[in-house]
Amino acid sequence: MNIPIRIAAVVAVQLALVGVAVAPQLSARATGDEYLFRVAPVDPVDPFRGAYVALDYPDVYPAGEDHGDGTVFVTLVEKDGLWVRDAYTTTRPADGPYLACDDHGWQLRCGIESWFLPQDEAATFQQWVADDEAVARVRIDARGHAALVAVEHR
């Protein structure tokens with residue numbers, strides 16, 4: 001095998017790996033329906049990391065709850081215009097909106113826990129979240145993959 005073919009093969013494998021890594025987020029953004037969730041900060045804006053905030057979804061999967069290791073599905077119901085947890089299950093639900101999450105023993109990770117924003121908007125954002133006036137706009141596809149598309153003032 002000559003060198004250009006090897007390089008092309010390595011590049012193709014790397015592109016395939018990137019595609020696999022971002023497929024759930026892309027699927028949610030492209031085909032998902034929008035849902036609104038109440039959010040709370042876990043980590044405030046850090047001046048060393050920029051305008052990055054780690055978010056908690058206290059009505060969906062509060063930080064610190066243990067569900068064991070592996071994949072956990074969080075079924076959702078609407079309450080007062082926002083979506084909240086109905087139940088946790090380790091088997092994929094047949095229908096209805098749900099989140100497919102990885103459970104690391106102390107925290108569920110559903111792919112919607114981080115929010116990045118321009119530095120000039122950080123103070124306003126922190127105030128919304130501190131005053132419990134922030135909602136996350138999340139797109140969820142039919143397989144439970146989620147993508148955080150906005151955090152807004154309610």
Could you state the interatomic distance from [atom1] ([X]) to [atom2] ([Y]), rounded to the nearest 0.5 Å?
X: D80; Y: L36; atom1: CG; atom2: CG; result: 12.5 Å
X: I140; Y: L76; atom1: CD1; atom2: CG; result: 5.5 Å
X: C101; Y: I112; atom1: SG; atom2: CD1; result: 7.0 Å
X: D56; Y: E113; atom1: CG; atom2: CD; result: 9.0 Å
X: R139; Y: Y35; atom1: CZ; atom2: OH; result: 10.0 Å
X: Y88; Y: L99; atom1: OH; atom2: CG; result: 10.0 Å

Is the shortest side-chain heavy-atom distance between D102 and T71 below 4.5 Å?
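SC-SC contact between D102 and T71 confirmed.
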Taking the side chain from [X] and the backbone from [Y], do they hold a donor-acceptor pair closer than 3.5 Å?
X: R92; Y: R143; result: yes
X: Y57; Y: A40; result: no
X: T75; Y: A87; result: yes

Testing the basics here: between [X] and [Y], what is the closest heavy-atom pair and its distance to 0.1 Å?
X: L82; Y: R38; result: CD1-CB, 4.1 Å
X: A146; Y: C110; result: CB-O, 3.9 Å
X: W115; Y: V149; result: CH2-O, 3.6 Å
X: A150; Y: E152; result: CB-OE2, 3.8 Å

Same cluster or not: are [X] and [Y] linked, directly or through other Ile, Leu, Val, Met, Phe, Trp or Tyr residues, by side-chain heavy atoms under 4.5 angstrom apart?
X: V74; Y: V39; result: yes
X: V135; Y: L148; result: no
X: V138; Y: V60; result: yes

